[in-house]
> 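Just dropping this structure here.
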Protein chains: 2
Amino acid sequence: MAAAPVPAPSRRAELLRIAADLFAERGYKTTTVRDIADAAGILSGSLYHHFDSKESMVDEILSTFQAGLFAEYDAVIASEDDVRTKLERLVHISFAAIDRDRPAVAIFQNDAGALAADDRFAYLRENNERFQTMWSDLINEGIRTGALRDDLDPVLTYRFIRDTVWVAVGWYRPGGPLGATEVAEQYLAILLDGLGARAS
Amino acid sequence: MAAAPVPAPSRRAELLRIAADLFAERGYKTTTVRDIADAAGILSGSLYHHFDSKESMVDEILSTFQAGLFAEYDAVIASEDDVRTKLERLVHISFAAIDRDRPAVAIFQNDAGALAADDRFAYLRENNERFQTMWSDLINEGIRTGALRDDLDPVLTYRFIRDTVWVAVGWYRPGGPLGATEVAEQYLAILLDGLGARAS
DNA sequence: GTCTATAGCCCGATAGAC
DNA sequence: GTCTATCGGGCTATAGAC
């Protein structure tokens, strides 16, 4: 047999997970390296055996997360599905990402804006633009083909979808009464058909 | 004539406005008293002639804002309007608040969670509960009376409305192409009737 | 109402022992 | 891989001169 394909998480990976939880809960700037070390049961200086800096920790968390997310998005966009199906799949992917990688999503939501000003995090700006282009192209195609209503501002529609999906990281918890799939379905129900009762 | 009813803003009020802008842009914790003093053109020590502490500044910003907002909400809830009209009025009030008091809304969105842990900010927790009860009662009445669809989780519906409205503070700017009233109308159009094209 | 000057503390990061 | 010990600097807040 070959070596186990899923080795026990390395100490380094464990420390990164601890850091991500704290960054997500308290914010990147307000979490200190001493907070991270305390949570890991070591002293702050020992962290620098594993990582160059606090900044390189958050960099690794965000870049790893975004690489995985975009790989999933690209597969949907490249598919032959119609607009509505693509939109539904993108929303499901996003809620699954919140479920699987909540800390990374929260850090992205809360701290990416401040980090993106630094050259080191230029990829955050680039990915943001890529994300907006992807969604806007899809929305515009939906309006053109009649899948989406045509009396709304497309830019506002984009922001509405983007915000409603990601802001759920603020309250969604993996063990809660509704799973990521159910939440995605109900969100899509509101997003596509609205809260108002149907005229019968 | 009586004394002018709207005196020129006091130095104190001006400093508080400067602080609110910075808190909103960079976050409460990461904004330093030196940042505020620099923006006001004075030295950090001089701020303490006007305010007890940085904490008392953010306290005054948030408590003043919330008192005004709840006064407006209460008038709607106490009215004789039907559920749908009340819901529309509440959303319009919220977007008007973002338009009028953007810094306070942003600070509330970004920093209230961390501040609420302190006893001094217990009113944030109380108001949050009051806000949720107000909205949940309205949503449940809407479902009961047939104004809102009955196949969705009411708690999730509450979160959806709450989040979609307030998260707009992240991108809305007073001088932009769409005013607060137009944004509120389009948000309500999506929220109540959905993005999907109507079957004709 | 603002300035000068500083107290006391916490921050990220480093050097070298074990 | 973690510890001891610490550097240089930024933080909130204060005391007293002007």
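This structure is a prediction, so every number in the text was calculated from the model and none was measured. Each chain gets a letter, A, B and so on, in the order its sequence line appears, and its residues count up from 1.
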> Please check this pair: side chain of B:Asn110 against backbone of B:Ala106, looking for a donor-acceptor N/O pair closer than 3.5 Å.
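Present.
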> Would B:Arg17 and B:Asp21 pass as an ion pair if we require N to O under 4.0 Å?
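Salt bridge: yes.
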> What pairs with B:Phe95 under ring-ring contact (aromatic ring centres under 6.0 Å, His included), at least two apart in sequence or on another chain?
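Per chain and number, B:Phe95 pairs via ring-ring contact (aromatic ring centres under 6.0 Å, His included) with B:Tyr187.
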> Taking any atom under 4.0 angstrom from a heavy atom of chain A, which nucleotides of DNA chain C are the first and last to qualify, 5' to 3'?
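Here the contact window of chain A covers C:dC11 to C:dT14.
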> Any salt bridge (Lys or Arg N to Asp or Glu O under 4.0 Å) pairs touching residues 63-82 of chain B, not counting sequence neighbours?
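Non-adjacent pairs meeting salt bridge (Lys or Arg N to Asp or Glu O under 4.0 Å): B:Glu72-B:Arg100, B:Asp74-B:Arg130, B:Asp81-B:Arg89.
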> May I ask you to decide if the ring planes of A:Phe160 and B:Phe160 are parallel, tilted or perpendicular, using 30° and 60° as cut-offs?
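Tilted: the ring planes of A:Phe160 and B:Phe160 meet at 30° to 60°.
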> Name the nucleic acid region contacted by B:Thr31, choosing base, sugar-phosphate or nothing; use a 4.0 angstrom heavy-atom cut-off, strictly under.
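Contact class for B:Thr31: sugar-phosphate only.
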> Can a salt bridge be assigned to the pair A:Arg11 and A:Glu14 using a cut-off of 4.0 Å between side-chain N and carboxylate O?
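Salt bridge between A:Arg11 and A:Glu14, a charged N being under 4.0 Å from a carboxylate O: yes.
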> Output the residues of residues 43-54 of chain A in contact with DNA chain D, where contact means a heavy atom of the residue under 4.0 Å from an atom of the strand; sort by number or write none.
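Listed by number, they are A:Leu43, A:Ser46, A:His49, A:His50.
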> According to the salt bridge (Lys or Arg N to Asp or Glu O under 4.0 Å) rule, which pairs have a member within residues 105-116 of chain B, sequence neighbours left out?
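Every pair satisfying salt bridge (Lys or Arg N to Asp or Glu O under 4.0 Å) with a residue in residues 105-116 of chain B: there are none.
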> Let me know which of B:Ile93, B:Thr85, B:Leu87 forms a side-chain contact (heavy atoms from CB on, under 4.5 Å) with B:Val76.
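Only match with B:Val76 under side-chain contact (heavy atoms from CB on, under 4.5 Å): B:Ile93.
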> Any donor-acceptor pair under 3.5 Å linking the side chain of A:Glu182 with the backbone of A:Gly179?
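Checked: pair present.
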> To check you understand the geometry: which heavy-atom pair defines the closest contact between A:Arg125 and A:Asp118, and what is its length?
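Taking A:Arg125 first and A:Asp118 second, the nearest heavy atoms are NH1-O, 3.8 Å.
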> What parts of residues 12-27 of chain B reach DNA chain D, counting only heavy atoms under 4.0 Å away?
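The answer is none.
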> Students often get this wrong, so: under 4.0 angstrom with heavy atoms, is A:Arg34 touching a base, only sugar-phosphate, or nothing?
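Touches a base.
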